Amino acid sequence: MESGPGVDEFRRGLLAWYGENARDLPWRRTADPWAIWVSEIMLQQTRVAAVLEYYTRFMERFPNAAALAEADEAEVLAHWSGLGYYRRARMLHQAAKQIMAHGGQIPRTVTGLRELPGVGEYTAAAIASIAFGEAAAVVDGNVERVLIRYMGQSEEEESRALKTRIQEEAARLLDPERPADFNQAMMELGATMCLPRGPLCLGCPVQEGCATRGEHVTAPAKKMRSREMAYGLFRRKAWPKTEVLLEQRPADASLMAGMWELPEIEAKTAQEDAPALTVRHSITNTNYYVSVFVLNAQQSRELAGTENTREWIAARMLMEMPLTGLSRKILKRLKVMPGYDGPGPLHALEESTDRIVL
DNA sequence: CATACGTGGCG
DNA sequence: TCGCCAAGTAT
């Protein structure tokens, strides 16, 4: 009853392939549960390439749960700024506090981990297996796609039944001797070989037992909406004391609550000059076409009133602000704040930069 | 169970 | 200028 057809071959083939092809990623070089936990949260719905730009810097500042628990939320968000899904950062912060309030030990089991805010079925299984060796099968988007293809799928199967079948198949195939490697191998296979479109079946280690060799129906996508808007980059004082006007989103906003951004201005208002910058920014299913106008302190008086907090922020402080990704992007493009040189500590605004370039 | 939640890159 | 994604969770 233990192993159905082909299970041993599946495990052997997959693990051998993973041994040869695993990408060298920072969170694969550690056995520290905290480091693995942080990586799993950052990787939720987020590309590896994007996480790499944040992970090391975050871990240097918050090397353990205690460090994060002691930090202010604003600083946590500042280190997450641009990564998206900020609720993840808030929940991770809450979870760290929760752990420190209960003795400081990270739970070692799926059941225990599942209690933590921000840790769902996938993440609990990932941490339990990778950090603690529990034989729990992970099912993320990659694994789901791999298994649907591997098992085959009938037209009339209900989605609930399919989910169950995927979970069961993942558990059946899981190598109980090496759950950490097996789970990561499954995800790696989905991420690098069993691609959503154009799967690389010829190089697939489990091709032989695969029912479909790559067929996969994808759900029709939702329509994108478009919206035009404009931001004002209001500035005052000369370099290096330059300040820009920022506005804080309401604490109860559904989107990016409590984070700071440039003040929005009337998109239609006749601006004398062309925008200093135009960018597209898509959030969920809305494409924002954003124009940014550079304005002076005088003109800030023409701003519409708001309940929100507005403050003049020194350019050199921007790195420490929990900015929205869009405002961060704009401030970097306009060289009001420096970009990152990849992973590493935050660096201060360089003194060599003479003045704002527009 | 559907929906909201962010972002940057690519064709 | 536009569609689609990528290691999910909470409600």
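Each chain gets a letter, A, B and so on, in the order the sequences are listed, and its residues count up from 1. Being a predicted model, the structure only gives us computed values, none of them experimental. Just so it is clear, the values below take in all heavy atoms, side chains as well, and ignore hydrogens, waters and symmetry mates.
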Of all heavy-atom pairs linking A:Val336 and A:Ala315, the shortest is O-CB, 3.8 Å
Answer with base, sugar-phosphate or nothing: what part of the nucleic acid does A:Ile130 contact at a heavy-atom distance below 4.0 Å?
-> nothing
Below 4.0 Å: OP1/OP2 of B:dC5 and any side-chain N or O of A:Ser254 | yes
Are OP1 or OP2 of B:dT7 and a side-chain N or O of A:Thr46 less than 4.0 angstrom apart?
-> no
Would you call A:Arg90 and A:Glu73 a salt bridge, taking side-chain N to carboxylate O under 4.0 Å as the test?
-> yes
Looking for any heavy atom pair under 4.0 Å, which part of the strands does A:Val119 touch: base, sugar-phosphate only, or nothing?
-> sugar-phosphate
Sugar-phosphate, base or nothing in reach of A:Arg23, heavy atoms under 4.0 Å | base
B:dC1, C:dT9, C:dC4: which one has an atom nearest the side-chain heavy atoms of A:Arg160?
-> B:dC1
Sugar-phosphate, base or nothing in reach of A:Gly82, heavy atoms under 4.0 Å = sugar-phosphate
Using a heavy-atom cut-off of under 4.0 Å over every strand shown, decide if A:Ser39 touches base, sugar-phosphate, or nothing.
-> nothing
Would you call the rings of A:Phe182 and A:Phe10 parallel, tilted or perpendicular, where under 30° means parallel and over 60° means perpendicular?
-> tilted
Salt bridge A:Arg172-A:Glu169, side-chain N to carboxylate O under 4.0 Å | yes
Which nucleotide in the set B:dG6, C:dA10, C:dT9 lies at the smallest distance from any side-chain heavy atom of A:Ile283?
-> B:dG6
A:Tyr86 side chain N/O closer than 4.0 Å to the phosphate oxygens (OP1, OP2) of B:dT7?
-> yes
Under 4.0 Å between a Lys/Arg side-chain N and an Asp/Glu carboxylate O for A:Arg29 and A:Asp24?
-> yes
Touch check for A:Trp27, heavy atoms < 4.0 angstrom, all strands: base, sugar-phosphate only, or nothing?
-> base
So, does the side chain of A:Arg280 form a donor-acceptor pair with the base of C:dG3 at under 3.5 Å?
-> yes
For B:dT7, take OP1 and OP2 only and decide whether either is under 4.0 Å from a side-chain N or O of A:Tyr54.
-> no
With a 4.0 Å cut-off on heavy atoms, is A:Met256 in touch with a base, just the backbone sugar-phosphate, or nothing at all?
-> sugar-phosphate
Should A:Gln45 be listed as having a side-chain N or O under 4.0 Å from OP1 or OP2 of C:dG8?
-> yes
OP1 or OP2 of B:dT7 under 4.0 Å from side-chain N/O of A:Lys329 = no
Between C:dC2, C:dG8, B:dG8, which nucleotide gets closest to the side-chain atoms of A:Tyr289?
-> C:dC2
OP1 or OP2 of B:dG8 sitting under 4.0 Å from any side-chain N/O of A:His281?
-> yes
